[in-house]
Amino acid sequence: MPIDSRSSIPPSPHPGEAAPDISVVIPVYHERENLHDLVARVGEALEATRWSFELICVDDGSRDGSQQILAELAADRPWLRPVALARNYGQSTALQAGFERARGRYIVTLDGDLQNDPLDIPAMIERLETDPSVDMISGWRHQRQDKALSRRLPSVLANRLISWATDVRLHDYGCALKAYRREIIERIHLYGELHRFIPSLAREVGARIEEMPVRHHARTRGQSKYGIDRTFRVILDLVLIVFFLRYRQRPLHAFGGLGLWLLTPGLLILLYLFAVKLSGEDIGARPLLMVGVMAVLMGAQLIVAGLTGELLIRVYHEGSGRPQYHTRDLPEPAASGRHA
């Protein structure tokens, strides 16, 4: 089975085959030492269940031979569907490529470093299968097997900061092991490094989220792709996601609100200086004049930026036909409430 390197969504590898119950999506980058065990463990975890499944391994431009290994593994495993990206695009894009090819009713993500345990997947799917009030389950590595100073401490701080800023309270945003109903994944689109904020994006499109403690193993092979420097990138991405969640539909409130805070005192300063000028005093050398002028100009520019954003949002929704809202099915009425 050749690796699919096309950018468009491919057809089913077996025409007429029914869609699986579960699609497992795993982004892979320089993990050749782990691929055999990874594929074997996912197979062992899910072949023993009552659900059909597929495993979509998205190679994110690896140069260590991972693509060849995936092709060889897929030759005798019809449920393995490898995807090879043309270059290294990043984890968010790799996940999006997998989401676009996933056909299951439930979609599960995990990392390819063997630190997540595929044996936790059946319990997550069982919860989604039996509890219609839950749309997404996020793993919580409550006994994380990583270095305390370089990995766990920055993660704890980042989790608290993200939870506070987005109002989606989770213990572990960084855990890649998550399970979703298909309709939730269809409503979101990942780019940049937004994979860290999938729970926030899912909540924004109406998902009801629960956490589940999951196992976590120390990395034994390969090298981690993350370092302490990612903490600073998380802060920048957090600014983006907070703006996206709070002001995407109303950019004028963000830019215009700040603009009014600058424009109003700027105008008051200029009115005061105008009155002073009328009284015969010289105001040309006063620093307050420059402050007033700059405040008015900056405030006006921000309001114009907000108006421009409103026009772009209008074009975004009306031109592309993207929905402004999502709905869900009403629950079945209780038996006592039905008419005889």
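Throughout, residue positions are numbered sequentially from 1 according to the sequence presented.
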Exercise for review: Output the distance between atom NZ (K178) and atom CD1 (I198), rounded to the nearest 0.5 Å.
Suggested key: 6.5 Å
Review point. Is a donor on one side and an acceptor on the other found under 3.5 Å between the side chain of H216 and the backbone of N116?
Key: no
Review point. Heavy atoms, side chains only, cut-off 4.5 Å: are Y180 and T109 in contact?
Key: yes
Check your understanding: If you round to the nearest 0.5 Å, how far is CG of L46 from CG of D21?
Key -> 10.5 Å
Exercise for review: Could you give me the CA-CA distance, side-chain angles and deciding distance for Q301 and V304, then say whether side-chain contact (heavy atoms from CB on, under 4.5 Å) is met?
Suggested key: CA-CA 5 Å; Q301 288 179 335; V304 171; 5.7 Å; no
Exercise for review: List for me each residue that meets salt bridge (Lys or Arg N to Asp or Glu O under 4.0 Å) alongside E186, sequence neighbours excluded, and say none if there are none.
Suggested key: R182
Review point. Is there a side-chain contact between E204 and L201 (heavy atoms, below 4.5 Å)?
Key: no
Exercise for review: Please say which of V58, L55, D59 ends up in a side-chain contact (heavy atoms from CB on, under 4.5 Å) with I26.
Suggested key: L55
Exercise for review: Taking Q115 for its side chain and H217 for its backbone only, find out whether a donor-acceptor pair lies under 3.5 Å.
Suggested key: yes
Check your understanding: Using 4.0 Å as the upper bound for N to carboxylate O, is an ion pair formed by D64 and R32?
Key -> no
Check your understanding: Going by heavy atoms in the side chains, are Y191 and T93 under 4.5 Å from each other?
Key -> no
Practice item. Using atom types as modelled and distance alone, determine if a side-chain donor or acceptor of S23 lies under 3.5 Å from a backbone N or O of R103. Key: yes
Review point. Can you pull the ring pair (Phe, Tyr, Trp, His ring centres under 6.0 Å) pairs that have at least one residue in residues 53-95, sequence neighbours excluded?
Key: F53-W79
Revision key, fill the gap. So CZ of R41 and NE2 of H36: to nearest 0.5 Å the spacing works out to 13.5 Å
Revision key, fill the gap. Of all heavy-atom pairs linking D37 and L114, the shortest is CB-CD1, 3.9 Å
**Study point:** Cluster check L128, I121: I/L/V/M/F/W/Y, side chain < 4.5 angstrom
**Key:** yes
Check your understanding: Can you find a pair of side-chain heavy atoms, one from E72 and one from Q67, that are under 4.5 Å apart?
Key -> no
Exercise for review: Without swapping roles, check the side chain of Q96 against the backbone of L190 for a donor-acceptor pair under 3.5 Å.
Suggested key: yes
Review point. Would you find a donor on one side and an acceptor on the other, under 3.5 Å apart, between the side chain of S52 and the backbone of P20?
Key: no
Revision key, fill the gap. Note: A74 and L80 closest approach over all heavy atoms is N-CD2, 3.6 Å
Review point. Would you say R101's side chain and A97's backbone share a donor-acceptor pair under 3.5 angstrom?
Key: yes
Exercise for review: Could you tell me the separation between the CG atom of L177 and the CG atom of D111, rounded to the nearest 0.5 Å?
Suggested key: 9.0 Å
Practice item. Please check if atom OH in Y272 has more than 12 non-hydrogen atoms from other residues, nucleotides or ligands closer than 6.0 Å. Key: no
Point to revise | Sidechain-backbone polar pair: R208 side chain, P132 backbone, donor-acceptor under 3.5 Å | key: yes
**Study point:** Partner of F197 under side-chain contact (heavy atoms from CB on, under 4.5 Å), chosen from I241, L240, V168
**Key:** I241
**Study point:** Shortest non-hydrogen contact between A179 and M124, atoms and distance
**Key:** CB-CB, 4.0 Å
Check your understanding: Any donor-acceptor pair under 3.5 Å linking the side chain of E211 with the backbone of H171?
Key -> yes
Review point. Is L110 close to V25 at the side-chain level, that is, under 4.5 Å between some pair of heavy atoms?
Key: no
Point to revise | R160, CZ: over 12 other non-hydrogen atoms inside 6.0 angstrom | key: no
Check your understanding: Quick one: do I188 and L170 end up in the same hydrophobic cluster if we chain Ile, Leu, Val, Met, Phe, Trp and Tyr together by side-chain heavy atoms under 4.5 Å apart?
Key -> yes
Review point. In terms of hydrophobic clustering (I, L, V, M, F, W, Y; side-chain heavy atoms under 4.5 Å; direct or indirect links), are M298 and V296 co-clustered?
Key: no
Practice item. Decide, yes or no, whether a salt bridge links E126 with R50 under the criterion of side-chain N to carboxylate O below 4.0 Å. Key: yes
Review point. Hey, any chance L297 and L267 share a hydrophobic cluster, counting ILVMFWY side chains that come within less than 4.5 Å of each other, even indirectly?
Key: yes
Check your understanding: With a 4.5 Å limit on heavy-atom distance, are the side chains of L260 and I303 in contact?
Key -> yes
Exercise for review: Indicate yes or no for a side-chain donor-acceptor contact from D117 to the backbone of R215 under 3.5 Å, with no hydrogens or angles considered.
Suggested key: no
Check your understanding: Yes or no on side-chain hydrogen bond (donor to acceptor under 3.5 Å, both in side chains) for T166 and Y173, after CA distance, side-chain angles and deciding distance?
Key -> CA-CA 12 Å; T166 64; Y173 265 83; 3.2 Å; yes
Practice item. Using a strict 4.0 Å threshold on nitrogen-to-oxygen distance, state whether R181 and E129 make a salt bridge. Key: no
Exercise for review: State whether the side chain of S279 and the backbone N or O of V276 hold a donor-acceptor pair below 3.5 Å, judged by distance alone.
Suggested key: yes
**Study point:** Cluster link W164 to I162, ILVMFWY, side chain under 4.5 Å
**Key:** yes
Revision key, fill the gap. Rounding to 0.5 Å, atoms CG (L85) and CG (D60) come to a distance of 5.5 Å
Exercise for review: Would you mind checking if R77 and E47 are paired as a salt bridge, meaning a charged N to carboxylate O distance below 4.0 Å?
Suggested key: no
